[in-house]
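Remember, it's 1-based here, ligands and their atoms both numbered in the order they're listed. Predicted model, so just to flag it, every value in this text is computed and none were measured. FYI, the numbering just counts along the sequence from 1.
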Amino acid sequence: MKNLKNKHIFIPIIVSVFSIILMIVSNYYSKSNNYVLYTNFEKDILQKKISTVYLTNSESINVKLKNGSIYTTDNPRTNDFKENLLKNGIKVSEQAPVYLGDVIPAAFLSLSVLYIVFISLKSSKLSSKKMFAVDALDTDVVKDIGINFENVAGNEEAKESVKDVIDFLKNPEKYHSYGARMPKGIILYGEPGTGKTLLAKAVAGEANVPFYAMSGSDFVQVYVGVGASRIRQLFKKARNHGRAVIFIDEIDAIGKKRNGKAGGSEERDQTLNALLTEMSGFNEKQGIVVIAATNRLDVLDSALLRPGRFDRHIEVNLPDIAARKKILSLHLQNKPIKDIDIDDLSRKTSYFSGAKLENLVNEAAILACKDNSNYIENIHFQKAFSIVVAGHEKINRDHISSKDRNITAYHEAGHAIVSMKMLPEDKISKVTIIPSTKGAGGYTLSIPEDKMYQNKDYITKRIMVTLGGRAAEEIIFGKNHITTGAYSDLKQSTKMITSMLTQYGMGTSLGLLNIEELSSIDPSASNLILEECKDKLNEIYESTKKLLIENKHLLETMSNRLLQDETIYDKDIDEMIC
Ligand code: ADP
Ligand code: ZN
């Protein structure tokens, strides 16, 4: 764009420079070359050679001879000069003669100047238009995205969670006729490079609808109102097409929680409001789904997450060993490989995201190419591995991560075993040591039966499960090697125990009193309560430890299994207990 503009403006500039030079030169020539002495001029008058005299007020006058040639001479500025000329039969013109040599460059000059003005006006209009128009913005509208579920390896749970949305996009009228309300907005959240963009594209590809993509940071501009206008144009474009997937990457750039302070970003608020308005604007029949991606869900403004907006939240996790194998295999497809131990590679790449795995394969391919090798071989992967890992961290990552993995494995197994033993009716669907946005590792409970009331025994057992991670760490690694990994567990158990003793009337120091009602009367009660909470929590912790010590063999088995497979599912867990 810039080059083009430069070329256009180049020509008139050259032309005007030439014209100016020409005018100066011709002016100079007409003055110097054709100067004739006044006495010679008088002779010409007598010889009747002169046809016209151009009489102006300037110091010199132009004289045109009958043979057509022109010269200048001095202006005598006498009062009867004109009369004399006229008496001698000479025409007198009171205007300066028009020289073609002067007129043409002047004409070119003014044309060029006009043209330059025109171009700069046009381009400034264009750039101001660009700021407001989404067309000029890089909205990647892809009609035939060419990516489907086959291009997404692993991420099975996330894929499962969007299947109905794809069906809806294919046939929105069907859903409408059943009166079913589909989510208008979906948020994909998880670490960078886990394939959120890829998944959104696959949704569009599977449903065979166009894919409109923009990034949240594109909306946040210096000028107030631009972001909001861009949102409206983006939606207008998508609506005109009919069914579509609108993808907004980095939604946190516009949808971050508003921090009560005044003078926040007005621009961001306007943009966010425009987005929410647009989303409530289209109806169920239209078949438009907005998919947004973010690294963290907890930073988003709750206005964004309310029903009717982005009310489906799908976590996209880092791949476990099985998923890594699938991703590696996918990216190695159609590449010339020889003797590659994919299992070993999957084992060595824990905590790698999909993007990092893709990067690893690519580096190996480049190295093989540099070597002029016919195949990509294990040696290339070994080298590529150090390149990719070194690019991310300097310390011996292998060592650190194996130690971390070990701790995480025992910690998560601790939670899982206490849960299995104490609350067998709360089924565990999955235990993993793969970190998520909520922290390292985790276990997933399948949703327990809805209970209207939780009794004291149940809450106590839940606290035991929460403390199971820390207890396992202490049993295996010793009191001096407990870690910060239990941070959020301890927060949660503290919350549970204090609610038990101060709100539900399940303790002794307060009895049936509720702390909130009491605080205005007797603030001194707090020490007693603190004491009781601490004692009670310690007591629960000791029984958790006792339980895990009794089941130490199970703790070992499960941890080893976690270190090997990284994720274990309910059926494996059932097997383990029998
Ligand atoms: P995110 O949007 O979560 O940051 P991307 O979708 O941009 O991640 O992923 C970047 C690249 O990493 C993808 O284009 C793809 O090549 C690779 N990738 C990530 N996850 C997967 C996956 N599950 N299967 C296959 N490739 C993946
Ligand atoms: Zn924990």
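Contacts with ligand 1 closer than 4.0 Å are made by backbone heavy atoms (N, CA, C, O) of Asn151 only, the side chain lying farther away. Under 4.0 angstrom from ligand 1, the non-hydrogen atoms of Asn155 all belong to its side chain. At a heavy-atom distance under 4.0 Å, atoms from both the backbone and the side chain of Thr194 approach ligand 1. Contact annotation for Lys326 and ligand 1: no heavy atom of the residue comes within less than 4.0 Å of the ligand. When non-hydrogen atoms are compared, ligand 1 lies under 4.0 Å from the backbone of Lys196 as well as from its side chain.
Using bins of under 30°, 30° to 60° and over 60° for the plane-to-plane angle, the ring pair Tyr410/Phe477 lands in the perpendicular bin.
The distance from ligand 1 to the heavy atoms of Leu330 drops below 4.0 Å at these ligand atoms: 25 (C).
When only modelled atom types and interatomic distance are considered, Asp298 and Tyr189 share no side-chain donor-acceptor pair under 3.5 Å.
For the Zn ion (ligand 2), the N/O/S atoms of Asp489 include one lying under 2.8 Å.
Of the protein's non-hydrogen atoms, the one nearest atom 18 (N) of ligand 1 is Gly354 C, 3.7 Å. Protein heavy atom in closest approach to atom 5 (P) of ligand 1: Gly195 CA, 3.8 Å.
Annotation for Lys335: atom NZ counts as buried by contact number, over 12 foreign heavy atoms lying within 6.0 Å.
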